[in-house]
Amino acid sequence: MLRRTLESRDAQTRHLQDAVTNVEKHFGELCQIFAAYVRKTARLRDKADLLVNEIHMYASTETPNLKQGLKNFADEFAKLQDYRQAQVERLEAKVVGPLKAYGAIVKLKRDDLKAALTARNREAKQLTQLERTRQRNPSDRHAEAELHIASTDVTRTTRHLEETIDNFEKQKIKDIKNIFSEFITIEMLFHGKALEVYTAAYQNIQKIDEDEDLEVFRNSLYPPDYPSRLDIVKANSKSPLQRSLSAKGISGTGQVSTCRLRKDQHAEDDDDEEVDFTEEEN
């Protein structure tokens with residue numbers, strides 16, 4: 001009976017040790033991977049900042065609509081990096097931090113487990129010796145009393161060990177739920193804000209007036225007094241009646257000017273003739 005009890009407790013001890021070792025291993029891996037995830041996110045934020053600066057520099061060289069559209073896009077994209085910075089800080093505080101703290105927690109639990117196992121093994125050894133003494137001298141009341149006390153001590157120590165590991169398991173499950181819940185919440189908050197910012201950035205790009213900027217570019221190719229394509233298009237867009245009236249106006253103006261010129265010439269000719277007649281009479 002005592003042998004089966006000790007074997008059962010040894011199996012329990014191995015299970016408890018495996019539980020602590022399992023947490024130590026996988027929490028350590030999770031901590032490293034989440035930390036790498038946060039570093040990658042921070043590097044993405046840095047690259048995005050470089051992209052924002054380059055877009056601003058390029059926008060300053062472009063035509064008005066494209067310049068304004070790119071500037072607005074860059075401003076929205078820069079706003080997104082502020083949210084990404086908050087994401088990085090929250091992940092470090094709510095995910096990486098608690099996982100990293102489990103290194104110390106596991107160490108303490110391992111020390112507690114080691115101390116409890118040492119005490120239980122000592123008591124179990126004493127219990128074995130007392131059991132042998134009782135078997136050699138069944139009438140020894142003192143040995144029987146000591147055996148009972150030792151058995152009680154082993155039971156108490158085992159129960160304390162079980163409670164310690166049970167609390168550890170309970171806290172581990174609660175912490176895992178909190179850590180992953182925080183991770184998902186942080187990611188959803190960021191991506192929710194990202195969707196809003198990307199929508200605004202997309203709208204700013206779509207508002208760029210291509211035709212107007214193209215006209216500005218074409219006008220920049222010609223001297224200031226050169227008729228622009230816009231003026232040409234406006235002139236060609238007049239109705240036939242408008243073009244006819246414009247043509248008549250131009251033609252009538254030319255005739256008036258010609259008539260006036262001819263009258264002036266006749267007047268000059270008359271003056272010349274009068275002068276000649278006067279000369280003949282003289």
Side-chain angles (χ1 to χ4, degrees), residues 8-53 76-122 155-201:
S8 175
R9 288 172 179 173
D10 288 341
Q12 183 188 49
T13 299
R14 287 193 298 271
H15 181 72
L16 296 176
Q17 290 173 329
D18 290 343
V20 174
T21 301
N22 188 61
V23 171
E24 183 179 35
K25 175 185 175 182
H26 290 290
F27 272 54
E29 291 292 333
L30 286 171
C31 182
Q32 291 182 6
I33 295 172
F34 271 120
Y37 180 93
V38 174
R39 289 194 298 271
K40 288 285 187 181
T41 304
R43 282 198 288 269
L44 180 60
R45 174 207 59 206
D46 294 340
K47 292 297 182 182
D49 288 339
L50 294 177
L51 181 58
V52 168
N53 292 335
E76 293 294 337
F77 202 57
K79 185 190 300 182
L80 180 61
Q81 306 322 307
D82 293 337
Y83 292 129
R84 203 184 297 276
Q85 174 63 24
Q87 177 194 20
V88 168
E89 294 175 354
R90 289 169 181 166
L91 287 173
E92 287 178 343
K94 302 293 186 178
V95 177
V96 178
L99 286 171
K100 188 182 296 184
Y102 253 82
I105 294 173
V106 167
K107 186 177 183 300
L108 290 174
K109 291 302 177 182
R110 191 179 290 281
D111 292 341
D112 291 343
L113 181 61
K114 183 178 179 180
L117 289 174
T118 300
R120 194 179 73 173
N121 290 337
R122 184 177 62 250
T155 302
R156 185 181 63 253
T157 304
T158 301
R159 187 179 297 113
H160 173 70
L161 182 61
E162 291 174 351
E163 290 176 355
T164 299
I165 297 302
D166 185 77
N167 291 334
F168 175 72
E169 282 291 311
K170 186 187 299 183
Q171 189 64 42
K172 178 199 71 176
I173 295 171
K174 182 179 179 180
D175 289 341
I176 279 290
K177 288 181 63 177
N178 289 339
I179 289 170
F180 278 86
S181 296
E182 289 288 351
F183 174 73
I184 295 300
T185 301
I186 293 167
E187 290 294 301
M188 287 194 300
L189 285 173
F190 170 75
H191 288 291
K193 291 293 184 180
L195 184 59
E196 295 178 9
V197 173
Y198 280 134
T199 301

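Atoms considered below: every heavy atom in the structure, side chains included; atoms not considered: hydrogens, waters and symmetry mates.
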Completion exercise
Applying side chain to side chain contact (heavy atoms under 4.5 Å, CB included) to Leu108 and not counting sequence neighbours gives none
Fill in the blank from the handout: Here the gap from Ser181 atom OG to Ile176 atom CD1, rounded to the nearest 0.5 Å, amounts to 10.5 Å
Problem - Residues Leu189, Tyr83; criterion side-chain contact (heavy atoms from CB on, under 4.5 Å); working and verdict - result: CA-CA 9 Å; Leu189 285 173; Tyr83 292 129; over 6 Å; no
Exercise for the section: Could you tell me the separation between the OG1 atom of Thr41 and the CD atom of Glu89, rounded to the nearest 0.5 Å? Expected result: 12.5 Å
Practice task
Measure from the side-chain N and O atoms of Asn22 to the backbone N and O of Asp18, and report whether any donor-acceptor pair falls under 3.5 Å.
Solution key: no
Problem - Heavy-atom pair with the smallest gap, counting every atom of Ala93 and Pro98 - result: O-CD, 3.4 Å
Handout entry: Residue pair Gln32 / Leu99, side-chain heavy-atom distance below 4.5 Å
Key = no
Fill in the blank from the handout: When every non-hydrogen atom of Ala78 is compared with those of Val52, the smallest separation belongs to N-CG2, 3.8 Å
Practice task
May I ask you to test the Asp166-Lys170 pair for a side-chain heavy-atom distance under 4.5 Å?
Solution key: yes
Problem - From Asn178 atom CG to Ile173 atom CD1, the distance as rounded to the nearest 0.5 Å - result: 12.0 Å
Problem - Test side-chain hydrogen bond (donor to acceptor under 3.5 Å, both in side chains) applied to Gln87 and Glu187, Arg45, Glu92, the passing residue - result: Glu187
Practice task
Would you please name every residue forming a side chain to side chain donor-acceptor pair (under 3.5 Å) with Glu169, sequence neighbours left out?
Solution key: Lys172
Handout entry: Check: Leu195 and His191 side chains under 4.5 Å, non-hydrogen atoms
Key = no
Problem - Pair Gln81, Arg84: side-chain N/O donor-acceptor within cut-off below 3.5 Å - result: yes
Exercise for the section: Take atom CZ of Arg110 as the centre, draw a 6.0 Å sphere, and report whether it contains more than 12 heavy atoms from other residues, nucleotides or ligands. Expected result: yes
Problem - Minimum side-chain heavy-atom gap Leu91-Phe183 below 4.5 Å - result: yes
Practice task
Kindly assign one of parallel, tilted or perpendicular to the pair Phe34 and Phe180, based on the angle between their ring planes and the thresholds 30° and 60°.
Solution key: perpendicular
Practice task
Tell me, with the steps shown, if Ile105 and Gln171 meet side-chain contact (heavy atoms from CB on, under 4.5 Å).
Solution key: CA-CA 11 Å; Ile105 294 173; Gln171 189 64 42; over 6 Å; no
Practice task
Please examine the side chains of Leu30 and Tyr102, heavy atoms only from C-beta on, and report whether any two atoms are closer than 4.5 Å.
Solution key: no
Exercise for the section: To the nearest 0.5 Å, tell me how far Lys177 NZ sits from Glu182 CD. Expected result: 13.0 Å
Problem - For the student: nearest non-hydrogen atoms of Val96 and Cys31, plus distance - result: O-SG, 4.1 Å
Practice task
Please round to the nearest 0.5 Å and tell me the distance separating atom CD of Glu196 and atom NZ of Lys79.
Solution key: 9.0 Å
